[in-house]
Q: 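Have a look at this one.
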Amino acid sequence: MKKNEEIIVEVIDNGIYGEGIAKVDAIPIFVPNVLIGEKVKIKIIKVLSSYAVGKAIEIIEQSSDRVIPDCSTYFRCGGCNLRHCNYESTIKMKIKSVQNTLSKAIGKNIKVDEVIKMEEPYYYRNKLQYPLGLDKDGKSVMGVYAQRSHIIIPTEHCKIQDKLSQKIANYILKFIKNNCIPVYNEENLKGSLRHLIIRIGKKTNEVMITLVTNTQNIYKEKELIEAVVKEFKEVKTIVKNINSKNTNVILGDKTEILYGDGYIYDYLGKKKFKISPRSFYQINPIQTEKLYCKAIEYANLTGKETVFDLYCGIGTIGIFASDRAKKIYGIETISEAIEDAKENSRINGIENTEFFVGDVEKVLPEIIKDRNLSADVIFIDPPRKGCEKKAIDTFLKIAPKRLVYVSCNPATLGRDIKLLEEKYELLKLTICDMFCFTSHIECVAVLSLK
Ligand SMILES: C[S@@+](CC[C@H](N)C(=O)[O-])C[C@H]1O[C@@H](n2cnc3c(N)ncnc32)[C@H](O)[C@@H]1O
């Protein structure tokens, strides 16, 4: 194989990003936007020692799962990557991907027991997060980054964003343009507004806007706020986050309230949650409710258990489970999220929860020792990188009857289950489709003490 060579291949598998995989002389070629069973003419764009990357230039034989993407910017956008196939086939792909990844990591055949699909897999996101910048003609632009780049694709209508959030975003961009508010220029690090974040409580319809800015002051800030609040009664709060660093990290350290209280509320099931600008809150609340119900079913609670909710964010899983346990202890690294978790317990009239700020790997062993606690069930919901080895060692040491592991990364889930296998066996595994039409996967697994 040589770069720029054009060849005809058959797609035999999928990679973890939903791309197709073909093979030539046993060398895998990764080709985006092609499906298993398709015969495709591709152009080789990269050749490395163990694999190559190709670009589809003609689909010669098409899969029956292929559909025309319902989005005009799909092939350039870095958001969705599975809009070229029907929803059912995205689910099949995810099942296969989880089974392959986990089987490889654990060293035996792992099966997905259940998939929780989304009935209406559109407009599901409760958080819109668009960069602002300049296009090649120097005009202000807002939208989604193109794949593997910082080129902003103007996004006026996105099939996975909440419709009201998109409408507010479009209004703000128009205001920025009409009033010549300077947006951030990544090349010379000048300008002001760099990101627009809009969060909506899907049940309450309350909206929080975060204006991420390079400069302390935003030109026509007062006028912008007055106009937005007048136009959209759903906007309950607007905050300014100052990030002057030359970085890909979106939020800076300093947040100021410009309008309202600095937070919004939403409901998951019957429980009410306070959401602050920096707190983690699952982006698809319809599926989150189903995910948490499955996690609680897996926990098999009777009301007598001592439960840990680790990596608890604003306390959602623990609070969701609090009616069915004796005591819930939550641990989370972000202090504002723990403040929200405490407040969330209070507003829901819950008295059997206690929350701690800090890293699980450090705080869990400390509170177990200091308070002489044992655990019956542990909910584990870490970020993509999974659990630190020290945290896994603590789980093995305190050995609760059940571990319920919620994961947004099958690779680290598999790695951690392999380590936990010393004392635990995997009982059941469910995929909950939270990130429909993207290759992101959310799973929940239950492990039982051997
Ligand atoms: C996937 S989120 C889960 C949050 C929550 N369980 C939920 O469902 O909304 C992971 C959380 O872990 C927190 N986190 C990351 N590393 C951590 C650590 N070492 N110890 C404690 N919390 C951590 C993050 O701040 C984030 O809130």
Side-chain angles (χ1 to χ4, degrees), residues 116 125-127 199 201-203 249-251 253 263-269 271-296 298-299 307-322 325 328-345 348 353-368 377-395 403-413 416 430 432 434-435 440-445:
I116 305 171
R125 284 186 65 100
N126 58 10
K127 184 182 184 185
R199 283 175 121 175
K202 290 268 198 180
K203 291 245 176 88
V249 177
I250 295 175
L251 289 177
D253 296 331
Y263 53 82
I264 52 167
Y265 289 109
D266 195 21
Y267 283 89
L268 288 173
K271 302 282 192 298
K272 189 174 181 181
F273 292 97
K274 178 181 168 189
I275 304 153
S276 299
R278 299 183 69 90
S279 305
F280 178 91
Y281 185 63
Q282 297 281 2
I283 57 97
N284 182 337
I286 293 177
Q287 293 300 90
T288 302
E289 280 185 8
K290 297 181 190 162
L291 174 77
Y292 290 175
C293 287
K294 183 52 70 182
I296 288 163
Y298 277 175
V307 174
F308 280 80
D309 175 11
L310 303 182
Y311 313 89
C312 68
I314 58 171
T316 41
I317 297 180
I319 289 173
F320 220 72
S322 59
I328 309 262
Y329 296 96
I331 304 177
E332 157 68 43
T333 198
I334 295 183
S335 59
E336 291 101 315
I338 286 295
E339 287 311 310
D340 286 353
K342 288 178 182 167
E343 173 79 352
N344 288 332
S345 282
N348 287 292
T353 55
E354 210 173 322
F355 293 98
F356 300 85
V357 181
D359 291 337
V360 164
E361 49 280 15
K362 184 166 177 288
V363 174
L364 179 64
E366 278 171 10
I367 55 175
I368 290 278
V377 174
I378 299 186
F379 290 106
I380 308 165
D381 186 8
R384 286 186 63 75
K385 65 177 180 164
C387 302
E388 294 283 326
K389 174 76 171 50
K390 200 173 161 217
I392 300 272
D393 290 342
T394 310
F395 306 154
L403 297 172
V404 180
Y405 194 137
V406 177
S407 164
C408 57
N409 185 350
T412 52
L413 174 67
D416 291 350
T430 291
C432 181
M434 299 270 259
F435 315 106
H440 290 287
I441 299 175
E442 186 84 13
C443 300
V444 52

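Counting convention: from 1, in listed order, for ligands and their atoms alike. Because the structure is predicted, anything quoted here is derived from the model rather than measured.
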Q: Heavy atom to atom 14 (N) of ligand 1, shortest distance: which of I331, T333, I380 holds it?
A: T333
Q: Considering only non-hydrogen protein atoms, determine which one is nearest to atom 8 (O) of ligand 1 and report residue, atom name and distance to 0.1 Å.
A: Y292 OH, 2.5 Å
Q: Write out the residue and atom name of the closest protein heavy atom to atom 11 (C) of ligand 1, then the distance separating them to 0.1 Å.
A: E332 OE1, 3.5 Å
Q: At what distance is the nearest protein heavy atom to atom 10 (C) of ligand 1, and which residue and atom is it?
A: D381 O, 3.3 Å
Q: Which atoms of ligand 1 sit under 4.0 Å from any heavy atom of I334?
A: 25 (O)
Q: Tell me, which protein residue and heavy-atom name are nearest atom 20 (N) of ligand 1, and how many Å apart are they?
A: V360 N, 2.9 Å
Q: For G358, take its heavy atoms, then give the atoms of ligand 1 lying under 4.0 Å from any of them.
A: 20 (N), 21 (C)
Q: Which residue is it: N126, D266, I275? I am looking for the one with a side chain to side chain contact (heavy atoms under 4.5 Å, CB included) to R199.
A: I275
Q: Which ligand 1 atoms does E361 reach within 4.0 Å, using its non-hydrogen atoms?
A: 19 (N)
Q: If you measure from CG on L310 to CD on E361, what distance do you get to the nearest 0.5 Å?
A: 10.0 Å
Q: Hey, could you give me the NZ/CD1 distance between K202 and I286, rounded to the nearest 0.5 Å?
A: 6.5 Å
Q: Enter the distance from T288:OG1 to Y281:OH here, rounded to the nearest 0.5 Å.
A: 7.0 Å
Q: Would you say the side-chain atoms of N409 pair up with the backbone N or O of P383, donor to acceptor, closer than 3.5 Å?
A: no
Q: If you measure from each non-hydrogen atom of C312 to ligand 1, which part falls under 4.0 Å: side chain, backbone, both or neither?
A: backbone
Q: Within the structure, is a non-hydrogen atom of P382 found at a distance of less than 4.0 Å from ligand 1?
A: yes
Q: Do S345 and T353 have side-chain atoms, one donor and one acceptor, less than 3.5 Å apart?
A: yes
Q: Just to confirm my output: which protein heavy-atom neighbour is closest to atom 16 (N) of ligand 1, and how far is it?
A: P383 CG, 3.8 Å
Q: Students should be able to answer this: which protein heavy-atom is nearest to atom 12 (O) of ligand 1, and at what distance?
A: Y311 CB, 3.4 Å
Q: Is the charged tip of K342 near the ring of F355: under 6.0 Å from the six-membered ring centre and within 45° of its axis?
A: no
Q: Y265 ring centre to K274 NZ or CZ under 6.0 Å, with the angle to the axis within 45°?
A: no
